[in-house]
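In listed order, ligands and their atoms are each counted from 1.
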Amino acid sequence: MASIARSFEELYGRKPEVFAEAPGRVNLIGEHIDYSEGFVLPFAIADRAYAAIAARPDGLVRIASHQRKEKIFSIDISDVKPGSKGDWEKYVLGVLWSLGITTGVDILVDGSVPSGAGLSSSAALECSVAVGLNALFSLEMSKQDLARATQKAENDYVGMPCGIMDQSVSLMGQAGSALLLDCRDLTTESIPFDVASAGLELLIIDTQAHHALVDGGYAERRAACESVASKLGIPSMRHLTLKVLEAHREKLTATEFIRARHAVTEIARVLEAVTALRASDFATLGQLINASHASLRDDYAVSCPELDVAVDASLAAGAMGSRMVGGGFGGSAIALIKASDVQKTKDAVLAAFEAKGYKKPRFFTSLPSAGASASLIN
Ligand code: GLA
C-alpha cells in the first residue's frame, strides 16, 4: 500500500483519498453454471488488485497502472460510456459508468493476480475500483449491488458476457472458506475449506495457453443454455432435471442436449461437494472434481489439450481430483493433492508439457483469502 501511495503522489501530485483491494479467485466446482442461475463454490485467492483513488473537482478522469506509470489515460467523465476509447482501462471506466459516477477522479491501480491465467484478474480490478468508489462517494451499495454493477460493467462496457461468479467471490470471499453462491439471488454461505489440516494442498496450474475461442466460445455456450431454456419453456437450467431433459430430447439439437446435461449435472455436483466438504470427505470431493472436468471436456467442450494434459498428469501423479477452472480454452487447472506430493505433481506436469512441446506451465498455491475491502485515508 505504501508504494502505491507514493506512486500516486509522484504521478498526480496529491494524496489518494481511498485505498481499495480485491482478490482473484479459483473455483472448486460449479463451472459454466453461474449464468444458468446455478450454485458455484469458488474461493478468493491471496493475489489481488489494488486501487488508490481521489476525487477531482472537475470532470477529468485519469487512470494509470503502477506497472506503466508513464502512461496516463485521460477522458472526460461525460465521455465515459460504452464504445469509449480505452484498452484495459475499460474495466475501470465500465465501473465508473455502471456506478453512475459523474465527477472526475484520479485512479492508480496495481495488482498481483496473474493476467490471462483464468484467475479473474479483470474481476479483481473491477471490484477494487468499485469498493473504492463506493467508499469514496458514500454510495452505500451492498456487496450484492456491487457484484451486479461490476458484472454490468464487464457485460455492457467491456463486452464480455460473463456471469456473476467472479465478481461475487472477489467481493464476498472469506478467509478459510469457499463461498457457496446461489447465482439466482446472490445469497451465500461460507463453507470451511481447510485442506491444510487434512494434509492436502490445492495446486493451481496455469497452462499459459490462451486459445482464440475464449470469447466466442463462451458466448456460444451461454446462448446454447438460453436456447434450451426457451425451447423447454423454463427460466434457466436451474429449473431443469435430467429426467425432464431426457424426456424433451427430441426438441433439442444434439449439441444443446449435451450442453444442458453439463449444466444440470454440474449444479448437482456443487451441492454434493458441499456435503462432502462439511464431512471433510476429500476423497468424494476429488471424485466430483474429476466428474466436473469430464463433463466440461466432453459435454460442454470448453477444455483444450493443455488443460487435459495438466489434469491427466496430475491424476497420474496421484492427485485426488483435478479439473480445469474458469471459462476454459486455456487458463488454469486445479489439482487436489497430498501436501507431500507438491513437487512430484509439478514434475509430472512439467514433464508431460515438455513431452508435448507446450509452453512451460506456472504453478501457484493459495489458501482461501478475504474478499474486497476499502479504507478512506484521513
Ligand atoms: C468466466 C466467467 C464466469 C463464469 C466462468 C465459468 O470466469 O467470467 O462468470 O461463467 O467463466 O464458470
Side-chain angles (χ1 to χ4, degrees), residues 22-45 47 49 90-91 94-95 113-127 144 146-173 178-184 186 204 206-207 210-211 213-226 236-238 259 262-267 269-270 273 288-289 292-293 295-297 299-304 307 323-334:
R25 63 99 188 91
V26 289
N27 188 13
L28 265 185
I29 194 159
E31 216 63 88
H32 277 280
I33 48 170
D34 57 349
Y35 49 78
S36 289
E37 296 188 306
F39 293 95
V40 294
L41 194 60
F43 66 80
I45 58 174
D47 287 310
K90 281 191 179 169
Y91 292 98
V95 175
V113 187
S115 75
L119 300 176
S120 292
S121 57
S122 49
L125 173 58
E126 291 156 359
C127 293
Q144 283 81 0
L146 290 171
R148 299 227 184 265
T150 44
Q151 182 197 20
K152 185 175 161 67
E154 187 147 346
N155 288 171
D156 300 341
Y157 207 102
V158 179
M160 157 65 184
C162 66
I164 193 100
M165 171 173 73
D166 305 343
Q167 291 81 5
S168 300
V169 66
S170 182
L171 291 159
M172 298 186 256
L179 186 76
L180 174 62
L181 173 73
D182 181 339
C183 297
R184 181 160 60 182
L186 299 191
I204 303 169
D206 173 13
T207 64
H210 313 286
H211 292 286
L213 261 172
V214 178
D215 285 355
Y218 186 93
E220 239 174 59
R221 301 305 181 281
R222 193 175 171 150
C225 289
E226 283 160 9
S236 72
M237 297 296 97
R238 165 77 166 261
R259 301 290 189 259
H262 164 73
V264 173
T265 58
E266 185 77 354
I267 292 174
R269 278 187 290 270
V270 173
L288 291 163
I289 286 174
S292 171
H293 185 73
S295 180
L296 288 158
R297 181 191 60 211
D299 277 356
Y300 224 59
V302 289
S303 190
C304 65
L307 283 166
R323 68 175 200 87
M324 54 155 281
V325 290
F329 307 112
S332 294
I334 51 170

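Protein residues with a heavy atom under 4.0 Å from ligand 1 are Arg25, Glu31, His32, Asp34, Tyr35, Cys162, Gly163, Met165, Asp166, Tyr218, Gly326, Gly327.
Partners of Arg148 according to the salt bridge (charged side-chain N to carboxylate O under 4.0 Å, His left out) rule, which considers only residues two or more places apart in sequence or in another chain, do not exist here. Scored by the salt bridge (charged side-chain N to carboxylate O under 4.0 Å, His left out) test, Arg222 finds Glu226 as partners (sequence neighbours excluded).
If you run side chain to side chain donor-acceptor pair (under 3.5 Å) between Gln167 and each of Lys152, Arg25, Gln151, Glu126, only Glu126 comes through.
Below 30°, between 30° and 60°, or above 60°: for His32 and Tyr300 the angle between ring planes is between 30° and 60°, a tilted geometry.
Remark: side-chain polar atoms of Arg221 are not paired, donor with acceptor, to backbone N or O of Gly216 under 3.5 angstrom.
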What pairs of donor and acceptor atoms, side-chain ones from residues 323-330 against any protein atom, are under 3.5 angstrom apart with sequence neighbours left out?
unit_1: Arg323; atom_1: NE; unit_2: Leu28; atom_2: O; d: 2.9
unit_1: Arg323; atom_1: NH1; unit_2: Glu31; atom_2: OE1; d: 3.0
unit_1: Arg323; atom_1: NH2; unit_2: Asn27; atom_2: O; d: 2.8
unit_1: Arg323; atom_1: NH2; unit_2: Leu28; atom_2: O; d: 3.4
unit_1: Arg323; atom_1: NH2; unit_2: Glu31; atom_2: OE1; d: 2.8

